[in-house]
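Worksheet: one structure, shown below.
Remember, it's a predicted structure, so these values are computed and weren't measured experimentally. Along the sequence shown, residues carry numbers from 1.
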Amino acid sequence: MKYLLWGDLESGLRFLESSDRGSVAMGGGASGEEEANDRWIIIVSIVVRKLLGLCSKPMELTGYGVDFILNLISQNGSLLGLLSNTLNGEVIIPKRGTETFISTIGQLDERVELYKPGSVTERIVNLELDDRAIMDLCMMASNLAYENAQVVKNVVVHHWKMHFVDFYNGWDDYQKENSTQVFMICDKPKDATLILISFRGTEPFNANDWSTDIDFSWYEIPKVGKLHMEFLEALGLGNREDIRTFRYHLQTKIVKESDGIDKIDIRSLDMTAYHMVREKLRSLLEEHKNAKFIVTGHMLVIHEEKKLMEKLLGVYTFGQPRVGNRQLGKFMEAHFDHPVPKYFRVVYSNDLVPRLPYDDKTFLYKHFGVCLYYNSCYIEQRMEEEPNKNFFDIEQLIPEHANAVWELIRGLAMGWFSILVRVLGLEMPGMSAHCPTNYINSVRLGKSM
């Protein structure tokens, strides 16, 4: 309350994390410079994150229940099929972790086939990075990342006719669980030309994921910029409970003895998503000399992995939240924009997630890379920033809800579950807009303005 009413920074620091305890983790300038009318956003963020923490287990159990019910219905054909099988004593009981058990995200859009099968390798050889076939592969991989390892392997091998490398559950030392999922594939097992790395995004019933999206805490890396703290933790590059861990992983010039870094417990280092993927990527590029790689999700270049970066074909993200400040954006663009743009950020219409965390005079979170923005009619525009960049603009309330009604009407031809999500979207348009169906349709049906 002291921080909310009078901006007493000392009273707020127990809740806020940063690389410098003398400055606000969420602020853009020196301590105390944030405007009083923006403090409520910080307070709301803290309160919501605390509430999400309390709701974590109920949300997880709800997710388990929803997953089971949706698979029970789909594996028995339909609601009528489930009723018929029940009467005949032939009900199929879903088994979690098998190749037939599909996530809630997967139930929203059952498409698994690629838009242009067989054309991806040809496009990569010609370096047509913004081609629809490559964009579609990346989007479908982002969607597939929500599934278990058996589903991923089945789709990659039997539908995409590609080589499945591995599926990883990365360790998050702050959350104390394997909460970061990523898989890797090649276009073929020998002499591959493409390696694809796909990170899982925000899961609908994962409180920690949503907490990450609304967290404004940052860690500042000298000469690089400020990075979103929870994304660094998700990659396994630090733990806010011991700020020295970030210095250990992210700063190349450190004095271990003076910082006590030699005493840090790094036994879980080989279990983190960043280190597992980096080591596997190195071995794959050594094995496949002519291969390039694409990332769907976030990655880091601060470790100056020059040999790896020379093999980077591009990065695609879909509905990505902001991950750092303007200085970070300039640092990343220096690596991704030459000789041609390599970082593409796809945003659909009113999607809430790309509008978080805030980009204003207090928080200064900024996007970087090429923004491919699609409106609700799938018209593509290339721009630096999506419209209504912070979403909660009063002037946009009517257009946002009107658009949600339009999407519900258009979605009546879809399955009952997709319709239900769009009904919920009438209350919070930005949530339903984050559905993968919108992004798949944008990539496949999009027309450049």
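- Between Cys186 and Val165 the shortest side-chain heavy-atom distance falls below 4.5 Å.
- Using modelled atom types, one side-chain atom of Lys342 and one backbone atom of Leu312 make a donor-acceptor pair closer than 3.5 Å.
- Using a 4.0 Å cut-off between a side-chain N of Lys or Arg and a carboxylate O of Asp or Glu, Glu279 and Arg282 qualify as a salt bridge.
- Using cut-offs of 30° and 60° for the angle between ring planes, the Tyr316 and Phe318 rings count as parallel.
- Residues Val323 and Gln320 meet the side-chain proximity criterion, which asks for heavy atoms closer than 4.5 Å.
- Between Tyr374 and Val346 the shortest side-chain heavy-atom distance falls below 4.5 Å.
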Practice problem: Give the intermediate values and the outcome of ring-ring contact (aromatic ring centres under 6.0 Å, His included) for residues Phe368 and Tyr343. | Solution: CA-CA 8 Å; Phe368 55 86; Tyr343 197 108; 4.9 Å; yes
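- For Glu385 and Lys366, the salt-bridge test fails: no basic side-chain N is under 4.0 Å from an acidic carboxylate O.
- Sorted by first and then second residue, the side-chain hydrogen bond (donor to acceptor under 3.5 Å, both in side chains) pairs with a member in residues 432-441 read Asp109-Thr437, Arg111-Asn441, Asp351-His434, Asp351-Tyr439, Tyr378-Asn441, Arg422-Asn438; sequence neighbours excluded.
- Atom OG of residue Ser211 and atom CG of residue Leu52 lie 6.0 Å apart, to the nearest 0.5 angstrom.
- A donor-acceptor pair shorter than 3.5 Å cannot be found between the side chains of Ser349 and Asn375.
- The pair Glu384-Lys389 does not meet the salt-bridge criterion, since no charged nitrogen lies less than 4.0 angstrom from a carboxylate oxygen.
- Taking every heavy atom of both residues into account, Met59 and Phe205 meet most closely at O-CB, 3.4 Å.
- Looking only at side-chain heavy atoms (C-beta outward), Ser442 and Glu380 stay at 4.5 Å or farther from each other.
- For the 3.5 Å distance criterion, the side chains of Asn178 and Asn169 fail to qualify, holding no donor opposite an acceptor.
- The number of heavy atoms from other shown groups lying within 6.0 Å of CG (Asn290) does not exceed 12.
- Between the side chain of Ser56 and the main chain of Gly53, no donor-acceptor pair closer than 3.5 Å is present.
- Under the 3.5 Å distance criterion, the side-chain polar atoms of Asp187 are left unmatched by any main-chain donor or acceptor of Ala192.
- In summary, Asp191 and Lys188 do not engage in a salt bridge, as defined by a charged side-chain N under 4.0 Å from a carboxylate O.
- Under a 3.5 Å cut-off, the side chain of Lys161 and the backbone N or O of His158 do form a donor-acceptor pair.
- In this structure, Thr272 and Met276 have side chains that are not in contact, with every pair of non-hydrogen atoms separated by 4.5 Å or more.
- Side-chain N or O atoms of Thr202 include none that pairs as donor or acceptor with a backbone N or O of Trp210 at under 3.5 Å.
- Here the closest heavy-atom approach between residue Ala291 and residue Leu194 is recorded as CB-N, 4.4 Å.
- Using a distance-only test at 3.5 Å, with no hydrogens or angles considered, a donor-acceptor pair links the side chain of Ser418 to the main chain of Leu108.
- Side chain of Arg240 to main chain of Tyr174: no donor-acceptor pair is present (N/O by atom type, distance under 3.5 Å, no hydrogens or angles).
- Between Val423 and Leu408 the shortest side-chain heavy-atom distance falls below 4.5 Å.
- Asp359 is listed as a side-chain neighbour of Asn390, based on a closest heavy-atom distance under 4.5 Å.
- What you find for Asp209 and Gly201 is that their closest heavy atoms are OD2-O, 3.5 Å.
- Salt-bridge formation is detected for the pair Glu60/Lys57: a Lys NZ or Arg NE/NH1/NH2 atom is positioned less than 4.0 Å from an Asp or Glu carboxylate oxygen.
- Residues Met140 and Trp160 are in side-chain contact: their nearest non-hydrogen atoms beyond the backbone lie under 4.5 Å apart.
- With sequence neighbours excluded, the residues satisfying side-chain contact (heavy atoms from CB on, under 4.5 Å) with Pro429 are Glu400, His401, Ala404.
- Under a 3.5 Å cut-off, the side chain of Arg444 and the backbone N or O of Asp136 do not form any donor-acceptor pair.
- Residues Asn403 and Ser376 have side chains that bring a donor and an acceptor to within less than 3.5 angstrom of each other.
- For the pair Glu203 and Arg200, the salt-bridge criterion is met [side-chain N within less than 4.0 Å of a carboxylate O].
- In this structure, the side chain of Lys176 engages the main chain of Asp173 through a donor-acceptor pair within 3.5 Å.
- Of the possible donor and acceptor atoms, one in the side chain of Asn325 sits under 3.5 Å from a partner among the backbone N and O of Lys226.
- Inspection of the Asp67 and Thr104 side chains reveals an N or O donor paired with an N or O acceptor under 3.5 Å.
- Checked against the 6.0 Å centroid threshold, His288 and His163 do not count as a close aromatic pair.
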